[in-house]
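Just below is one structure, and these are the notes that go with it.
Note that the structure is a prediction, hence the values are computed from the model and not measured.
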Amino acid sequence: MPPMLWLLLNFAAPALGFYFSISCPSGKQCQQALLSGNDILLYCNSSGAHWYYLFTQGKKGRLASLTNISNMEIMPEGSLLIKDPSPSQTGFYHCWNKNGRQVVQYEIDFQDVSTLHVTHKDLGQRPLQNETLPLGSKELIFTRWEPWQDCNRCKEPGERKRLGYCYIEEPLKEAMPCWLYLGETLVWSSRLRPELQVEACHVRCTNNTQLRVDYVIFDNFRLDEETEFVWLDCPLGSMYRSVNWHANDTPLTWESQLSGRDFTTFLDPSTGGRQLQVFQPAIYKCFVQQELVAQFNPATSPETLEAQWRENDAQWREARKALPGRANSVLKGLKLVLLVGTVLVLLGALLKFIRPSSGKRSKQVLMVK
C-alpha cells in the first residue's frame, strides 16, 4: 500500500477514533483484560500528563517512566496510546498530572492473542470449559465474556463476535485476569487462553453504529510472486469493532472459513478480521461498523497487459482484413437492389401498355358481331 496514504491515516487516526479506548473514573483504579497485538488507548484527561508503569513480569522494581518505550506514546490530551502491545507488557499503568498527583491507575492484562480459541456458534463449536488451576488452592479458570459487538451487516444476514478473557477465581475472592493473578508464577495449562466467539445475526439498518467517515481507495495491490498471496489491512478496523469484507461484492464470512469451505481468503482471527489474506486478484471492500471505509483494487500485471494488447491488436488487424470484403459485399448488394428496382419499373410500364390495348381489341371484336 502507498506509504503516504498510511501516513495520512495514522495522523488522522486519533481524531477519527481509530484506536479502541478504555476509561476509568478520575482518582480510581481500574482492572481490565485486553488482547495483545491490538492497539489500545488508555484514557487520561490531563493535558501534559506523565505516565509510569510497573510490569508484572520480569524484574521487579519501582515505577518507571515510559518515555523510552518505543510502542507507547502520550497523546496531547494526556491519554496513553499503546501500539501492538505484547503479553510481557501486562502490568500497572499510572497517569499523573503536572502537579505530580495521580489521576488514574490501570491494571492491564494483555492476554496472548496467538493462543486465541475461536469458535462459531452456528457450526456447533463449543467454547472452553471451566478448569481448576493446578496450584493446590482450587483456583478456577473460566472465561469472562464481553458483550456481543454490533452485527457487521444490516438488512442482510451478517455475523457478530464477542471476546472472552481468561480469569482466575479463588474461593471467596474476586476473580482476576489470569496473568495479573499469576504474575511471575510459572504454570502451564491449555486453558489459560482468551477466546473469540462468532454467531450469525440479522438486524435493521440504523445510524447509531456508523463512523461517518469517507472511504479511501487503494489501487494496484499485487500478490507476492514467491508466496502468491498478500495481506490487506482495513483502516479503522479493530478486534474491538465489527469488521466485514467483500470480494467482488460477495461477503466473506467467518462461518465459511471456520467450516473449511473457503480457501481463497483468510480472515485473521488475531486482528478480529481487520487483516485479510488474499490468494487471488479481486476488488476487495472492507466495512467497519457497517460502513464502507476502504476499497482495494488489484494491479494489472505486465503479462496481463501484454496479453490484452496482443488480443486487441489481433482483433484490429482482423477487422482491417475483413473491411474490404465487407465493402464489396455491400456494393454488390446495392447493385442487386438497383437492378431489381429497374426491372420492376420496366415491368410496371409494360403492364400499363398491354392492359389498355387488350381492352380496345375486345371492344372491337364485340362491335364486329
Side-chain angles (χ1 to χ4, degrees), residues 1-13 16 18-19 36-39 70-71 83-84 113-114 116 118 152-153 158-159 161 196 198 211 213-316:
M1 285 171 209
M4 182 57 68
L5 283 176
W6 274 115
L7 184 64
L8 292 174
L9 281 172
N10 285 333
F11 273 120
L16 295 175
F18 177 80
Y19 302 107
S36 68
N38 289 268
D39 300 346
S70 60
N71 69 328
K83 296 183 178 180
D84 191 21
V113 74
S114 68
L116 193 67
V118 184
N152 62 7
R153 299 182 73 196
E159 292 178 315
K161 64 181 187 287
L196 171 66
V198 186
L211 299 173
V213 296
D214 294 330
Y215 74 94
V216 61
I217 297 178
F218 298 98
D219 277 326
N220 302 326
F221 80 83
R222 287 185 173 89
L223 302 183
D224 186 90
E225 293 182 359
E226 295 183 0
T227 63
E228 297 184 347
F229 68 79
V230 68
W231 284 99
L232 304 180
D233 202 322
C234 182
L236 305 182
S238 169
M239 173 66 85
Y240 308 108
R241 286 186 177 134
S242 64
V243 180
N244 181 34
W245 286 89
H246 286 195
N248 291 335
D249 295 326
T250 299
L252 305 176
T253 66
W254 289 102
E255 193 268 342
S256 294
Q257 178 170 308
L258 295 175
S259 64
R261 296 200 312 270
D262 186 5
F263 297 98
T264 60
T265 58
F266 178 75
L267 293 162
D268 181 18
S270 68
T271 63
R274 188 191 80 239
Q275 291 185 329
L276 178 71
Q277 188 180 25
V278 301
F279 299 91
Q280 62 184 21
I283 296 177
Y284 295 94
K285 298 178 181 179
C286 73
F287 300 76
V288 177
Q289 294 182 195
Q290 304 171 4
E291 185 173 348
L292 176 64
V293 296
Q295 176 176 312
F296 300 82
N297 298 328
T300 304
S301 65
E303 294 79 9
T304 303
L305 287 173
E306 183 177 359
Q308 290 178 351
W309 181 86
R310 291 180 182 277
E311 182 180 354
N312 293 337
D313 183 65
Q315 291 177 353
W316 180 74

Practice task
Go through the structure and list residues passing side-chain hydrogen bond (donor to acceptor under 3.5 Å, both in side chains) with N220, not counting sequence neighbours.
Solution key: none
Handout entry: Min side-chain heavy-atom separation S36-S114 under 4.5 Å
Key = no
Problem - Residues in side-chain contact (heavy atoms from CB on, under 4.5 Å) contact with D224, at least two apart in sequence or another chain - result: E226, T227
Problem - Close side-chain approach of T265 and L267, heavy atoms under 4.5 Å - result: no
Exercise for the section: Report yes if the side chains of E159 and N244 come closer than 4.5 Å at any heavy-atom pair, otherwise no. Expected result: no
Practice task
Please list, chain by chain and in numerical order, all residues satisfying side-chain contact (heavy atoms from CB on, under 4.5 Å) with Q275, sequence neighbours excluded.
Solution key: W231, D233, D268, T271
Practice task
Report the residues that fulfil ring-ring contact (aromatic ring centres under 6.0 Å, His included) with W245, sequence neighbours left out, ordered by chain and then residue number.
Solution key: F296
Exercise for the section: Taking side-chain contact (heavy atoms from CB on, under 4.5 Å) as the test, write out the residues that go with S238, two or more places apart. Expected result: F20, Y240, R241
Exercise for the section: Mind listing the closest non-hydrogen atom pair of C234 and V288 along with its distance? Expected result: SG-CG2, 3.7 Å
Fill in the blank from the handout: Sorted by chain and number, sequence neighbours left out, side-chain contact (heavy atoms from CB on, under 4.5 Å) with N71 holds for I69, I82, Q89
Practice task
Report yes if some heavy atom in the side chain of V118 is under 4.5 Å from a heavy atom in the side chain of Q257; otherwise report no.
Solution key: no
Exercise for the section: Please tell me if the side chains of E291 and Y215 come closer than 4.5 Å, counting only heavy atoms from C-beta onward. Expected result: no
Problem - Min side-chain heavy-atom separation L116-S270 under 4.5 Å - result: no
Handout entry: Verdict with supporting geometry, V198 and E255, side chain to side chain contact (heavy atoms under 4.5 Å, CB included)
Key = CA-CA 8 Å; V198 186; E255 193 268 342; over 6 Å; no
Practice task
Compare all side-chain heavy atoms of F287 with those of H246 and state whether any distance is below 4.5 angstrom.
Solution key: yes
